[in-house]
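Residue numbers start from 1 in every chain, and the chains themselves are labelled A, B, ... in the order their sequence lines are given, proteins ahead of strands.
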Number of protein chains: 2
Amino acid sequence: MHEMQVKVPGDAPREYTITIGADLLSSLWPRIKASFGTHRAFVITDEHVAAAGHLETLLGGRNIPSFVIRPAGEVSKNINTTVAIIEAMEKAYLGRDTVVVALGGGTVGDMAGFAAAIFKRGVPVVQIPTTTLAQADSAVGGKTGVDSSVSKNAFGAFWHPAAVYIDVSTLQTLDERQYRAGLVEAIKHGLIADAEYFELIESQLDAILTREPDILQTMAQHNCRIKGDVVEADPREQNQRRMLNYGHTIGHAVESASDYEMLHGEAIAVGIVAAGLIEAEMGLSEPGRLDRIRGILEKLGVPVNVPDQMDENKLIDILKHDKKAVDSWPKFVLIDQLGRIHQQDGRYAVDVDRKIVEKVLKQLR
Amino acid sequence: MHEMQVKVPGDAPREYTITIGADLLSSLWPRIKASFGTHRAFVITDEHVAAAGHLETLLGGRNIPSFVIRPAGEVSKNINTTVAIIEAMEKAYLGRDTVVVALGGGTVGDMAGFAAAIFKRGVPVVQIPTTTLAQADSAVGGKTGVDSSVSKNAFGAFWHPAAVYIDVSTLQTLDERQYRAGLVEAIKHGLIADAEYFELIESQLDAILTREPDILQTMAQHNCRIKGDVVEADPREQNQRRMLNYGHTIGHAVESASDYEMLHGEAIAVGIVAAGLIEAEMGLSEPGRLDRIRGILEKLGVPVNVPDQMDENKLIDILKHDKKAVDSWPKFVLIDQLGRIHQQDGRYAVDVDRKIVEKVLKQLR
């Protein structure tokens, strides 16, 4: 018997730039071309973003191969759409010298990022998020993926963007329900990492809801700083990055059980209240904290309870399939004060007894 | 406008072990369990390997969730099989604490590696190659992928194994055609990196063809050393690693044009002769070199010409879709002497005029 070692050299660290502003879209293309001079671009967007005119504003009449996801939304976030995207790239004779440009919300970014990650073993992706959700959360951090018939993001890869451009003006065309749901991720950022930011959102909610560009840019900076710091510290989600999953364990289950009729942010709102109730059960609450959280979510108009018709047993079964489950039960992210994660022995995702979860699900009615 | 930088920390370098021996399979499972104590295993194999008894030998009656690819071979190496594998893993309630074990030839290793790369954003894979092709080549190096309806490995990822176990005894059950075709990759290793190894194969070909265990272990060591060194130097195929594609540019096109009725090694044999003819056109040949190469390939019984019924225009069109194509034309890997790659300005993949390729394709009849 003979043994030999093969070294796998590490990837070099790198940096990418997030650019935040208003009315950026019409002047972006020359900047992207300047950054990726030898690459050919392929734009992925969806029918809503295209109908809102953003694709036309970005391309300015240039003839660039594109893929418009139809229908828009979670219903298309599956491997069949990924296959259609990859084959469209091949039919455009694109090679490894391709840069994928993702123009849209969270599902567009997740799908375009995943397609870029697996197209001919990986090409760069530029993220141009156009929703509150994507600008606050999904465009930064490199998580990409699509759903299987069994669970969310069953297929996926870590694939960090080569650049991110946040144009808050694109939010002006977003429908009200999408707009409000996406703000839940910003609230989550305050809860897990920055009490002052939570209070800023609380105090400025009227300006936020009227989509005032200055506060939107301020929020984008806070969101990207918080998320960027966490991702830098733990890009592959070994531990600390799990804090970003606050409200997401039960939130994902609720989203899935609704057959994606609930928007991601709406389901996460329920998940955040669920986390608050679990915290109460485990002695981690502060007086009035959960009421303040419920208050801001109710003002947003997002759900704070599990829908009446949703079966608890179905939720429990989905939790057992959670992609972070170990021995068929997930861990949970909790806070012990506003802006601070509760850690157990240095771990950011902690054990919660199944009985507590079952009790909390009954309270969420 | 506001700009901020996000750092993406590099992945740490790591090492994995290749274990080479005879009659290893029946004692492997406890070693895998010892290395991946907290992980649950999922075995991926194909119907040929299972029918040969290797799955049973590996598992020794243990109850381990498995997926048997049917039918075996390139015809199954597509995204539909990947989807079936991932959903089987989900239905077995597997999470991120999974280790995928790939037991089989090149297509099993490529598919299992790709499934591991994208299952819940990536889990480790142990490669146990059971064919001459996989033991010589594909089990080491981290290239994974599946074909689209348009081209080979259109979907893929770089995903290095966590360990490789090469049991040359598994080659005893391999059918003669597969066995011989896989040896072409070993010949390629000699041609690109080690003239003495080429001469060893040339002089020991009878013992190799009677599957004498000692020479098979010696070859495995040479193959893994050559491939391991190249992959260490350039894991993501920026330049040097391209030398492993010797014979593969035209070889892949021939393989694809045959609708995968030709085995990979058979098509690469044609590609190696094509490279020799291109070298002659470009003044890179040595007296007698191409005759020696043709001689050893003919003794193996693999093709050295493009099949009569294969359309040259189809081959040219496939070359334009090559995943390494830039501006719709691939670069080529050539040697200027036995065991040495021809470089142009330090580049391992070089420009070859389309007219030369067209002329060479006519000569390959």
Do you know which of B:Ile79, B:Asp327, B:Thr144 has the most heavy-atom pairs with chain A at a distance under 4.5 angstrom? B:Thr144
Option in B:Ser328, B:Ala233, B:Gly156, B:Cys224 with maximal non-hydrogen atom pairs under 4.5 Å from chain A: B:Gly156
Chain B contact via A:Leu24 - side chain, backbone, both or neither, heavy atoms under 4.5 Å: side chain
If I measure from the heavy atoms of chain A, does B:Ile166 come under 4.5 Å with its side chain, its backbone, both, or neither? neither
Select, from A:Ile86, A:Val8, A:Asp229, the one with the greatest count of heavy-atom pairs under 4.5 Å involving chain B. A:Val8
Any side-chain heavy atom of B:Leu25 sitting closer than 4.5 Å to one from B:Ser169? no
At their closest point, which heavy atom of A:Arg96 faces which heavy atom of A:Arg121, and how far apart are they? NH2-NH1, 3.6 Å
If you count heavy-atom pairs under 4.5 Å between each of A:Gly228, A:Pro9, A:Ala115 and chain B, which one has the most? A:Pro9
Rounded to the nearest 0.5 Å, how far apart are NZ of A:Lys77 and CZ of A:Phe114? 10.5 Å
If you count heavy-atom pairs under 4.5 Å with chain A, which of B:Gly145, B:Ser149, B:Pro161 comes out on top? B:Ser149
With a 4.0 Å cut-off, would you call A:Asp11 and B:Arg236 a salt bridge? yes
Less than 4.5 Å apart, any side-chain heavy atom of A:Trp159 and any of A:Val125? yes
Closest-packed option against chain A by number of heavy-atom pairs under 4.5 Å, given B:Arg14, B:Met1, B:Lys320, B:Glu232: B:Glu232
Rounded to the nearest 0.5 Å, the CZ atom of A:Phe42 sits from the CD1 atom of A:Ile64 at a distance of 11.5 Å
Options B:Ala220, B:Gly21, B:Gly142, B:Pro235, ranked by heavy-atom pairs under 4.5 Å with chain A, top entry: B:Pro235
Option that, when pairs with chain B are counted at under 4.5 Å, heavy atom only, ranks first among A:Glu90, A:Lys91, A:Glu87: A:Glu90
Which answer fits B:His160, side chain, backbone, both or neither, if we ask what part of it has an atom under 4.5 Å from a heavy atom of chain A? side chain
List the atom of B:Val168, the atom of B:Pro213, and the distance in Å for their closest heavy-atom pair. CG2-O, 4.1 Å
Pair B:Glu237 + B:Lys143, salt bridge at N-O below 4.0 Å: yes
